[in-house]
Amino acid sequence: MDSKIIHAAYMGAAVTVIATGVAIIEQERNRIYIPREPRINAIAQREFYIDSILNRDDRHCVEQIRMKPVVLYRFCDVLTSHDLLRSTQNVSIREHVIVFLQIIGQNQRFRFISGVYYRFVETIHRYFRIVLKAVLKLYKHLIKDPEDTVPAEIMTNRRFYPYFKV
């Protein structure tokens, strides 16, 4: 008789555990879930903003980044062809350069730009410095050292030559 009572107690405990489990599962199944996804699609918003700068009209583009879209694309090509900038997995060269130009041309703060592009301030700062270093390295390709010879027009003209004496 003693074993029947123990057996009944085990069965009662098992039924209680199973009933509790079923109740918890039912409660979870009927629970209203809030989806865990961002309220905005940052990648789409970022691309929309960049496209709105470049594709609206030339005047708007010049107001935003101080150059026309054609010049921007050429500038990106120059930086790429000299192997000064590369696209990363998350940031394109076009975005690198546009962020740089907005900070320089509009005197924008990193915090403001980070809000516009949905990026961390540290990320904006890092890519700004990368583009700045790339632009500074362009001097080798764009700036020509002065020649030691003075042009004949200046040398024969008494009005200009005293200022250009070597």
Side-chain angles (χ1 to χ4, degrees), residues 27-166:
Q27 186 179 16
E28 286 295 315
R29 196 178 292 161
N30 294 332
R31 188 177 197 186
I32 299 173
Y33 282 104
I34 298 173
R36 293 184 181 248
E37 55 189 46
R39 287 182 278 156
I40 58 166
N41 185 350
I43 297 169
Q45 288 291 99
R46 189 178 308 123
E47 286 300 317
F48 177 76
Y49 183 69
I50 291 172
D51 289 341
S52 72
I53 291 173
L54 297 176
N55 298 331
R56 200 156 149 193
D57 61 357
D58 286 352
R59 183 175 171 220
H60 178 71
C61 189
V62 169
E63 288 172 356
Q64 292 295 312
I65 60 173
R66 303 293 188 237
M67 64 177 58
K68 291 182 179 181
V70 174
V71 178
L72 173 77
Y73 289 124
R74 180 71 184 122
F75 184 51
C76 291
D77 288 342
V78 167
L79 290 170
T80 306
S81 65
H82 291 293
D83 201 27
L84 298 172
L85 274 185
R86 292 183 187 157
S87 289
T88 63
Q89 184 177 0
N90 297 320
V91 183
S92 67
I93 291 177
R94 185 176 67 160
E95 185 180 343
H96 285 245
V97 175
I98 289 174
V99 166
F100 174 79
L101 292 173
Q102 278 191 317
I103 292 170
I104 295 293
Q106 298 286 338
N107 192 24
Q108 296 290 349
R109 303 293 181 246
F110 292 124
R111 186 161 307 282
F112 175 79
I113 295 293
S114 72
V116 170
Y117 288 93
Y118 300 100
R119 299 223 182 259
F120 290 115
V121 176
E122 189 269 332
T123 305
I124 297 293
H125 184 260
R126 182 177 348 113
Y127 287 116
F128 175 82
R129 292 197 57 197
I130 288 170
V131 175
L132 178 62
K133 287 178 183 178
V135 169
L136 291 175
K137 288 178 185 176
L138 276 179
Y139 83 91
K140 297 175 187 174
H141 307 286
L142 299 178
I143 298 176
K144 201 175 183 184
D145 288 332
E147 299 172 359
D148 289 338
T149 61
V150 179
E153 313 121 14
I154 293 176
M155 208 153 183
T156 58
N157 191 335
R158 289 188 356 209
R159 181 175 163 209
F160 297 121
Y161 185 67
Y163 300 104
F164 290 96
K165 276 186 181 177
V166 181

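Atom set for the values below is all heavy atoms of this structure, side chains included, hydrogens, waters and symmetry mates excluded.
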Return a table of donor-acceptor pairs under 3.5 angstrom between the side chains of residues 67-78 and protein atoms on other chains or two or more places apart.
none

Counting only pairs under 3.5 Å, give me each side-chain donor-acceptor contact of residues 123-136, with atom names and distances, residues two or more places apart or in other chains.
residue: R126; atom: NE; partner: E122; partner atom: OE2; Å: 3.2
residue: R126; atom: NH2; partner: E122; partner atom: OE1; Å: 2.7
residue: R126; atom: NH2; partner: E122; partner atom: OE2; Å: 3.3
residue: Y127; atom: OH; partner: T88; partner atom: OG1; Å: 3.4

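Of the charged side-chain nitrogens involved, none lies within less than 4.0 Å of a carboxylate oxygen, so that E63 and R56 do not count as a salt-bridged pair. Of the charged side-chain nitrogens involved, at least one lies within less than 4.0 Å of a carboxylate oxygen, so that D51 and R94 count as a salt-bridged pair.
Considering every non-hydrogen atom in both R86 and H96, the closest pair reads O-NE2, 4.0 Å. Taking all atoms of both residues into account, the shortest heavy-atom contact from Q106 to Q64 is NE2-O, 3.3 Å. Counting all heavy atoms, side chain and backbone alike, V121 lies closest to S114 at CG2-OG, 3.5 Å.
The line from CG of L79 to CD1 of I93 is 7.5 Å long, rounded to the nearest 0.5 Å. A distance of 5.5 Å separates OG in S92 from CD1 in I50, rounded to the nearest 0.5 Å. One distance of note links CD1 of I40 with CZ of R46; it measures 9.0 Å at 0.5 Å rounding.
You'll find the side chain of I43 stays beyond 4.5 Å of the side chain of N90, heavy atoms only. Using a 4.5 Å cut-off on side-chain heavy atoms (C-beta onward), R66 and Q102 make no contact.
For residues 45-71, every residue pair satisfying the ring pair (Phe, Tyr, Trp, His ring centres under 6.0 Å) rule, not counting sequence neighbours, is listed here: Y49-Y117.
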### Message
What verdict does the side chain to side chain contact (heavy atoms under 4.5 Å, CB included) test give for L54 and I98, after you've listed the backbone C-alpha separation in whole Å, the side-chain angles of each residue and the deciding distance to 0.1 Å?
### Response
CA-CA 10 Å; L54 297 176; I98 289 174; 3.9 Å; yes

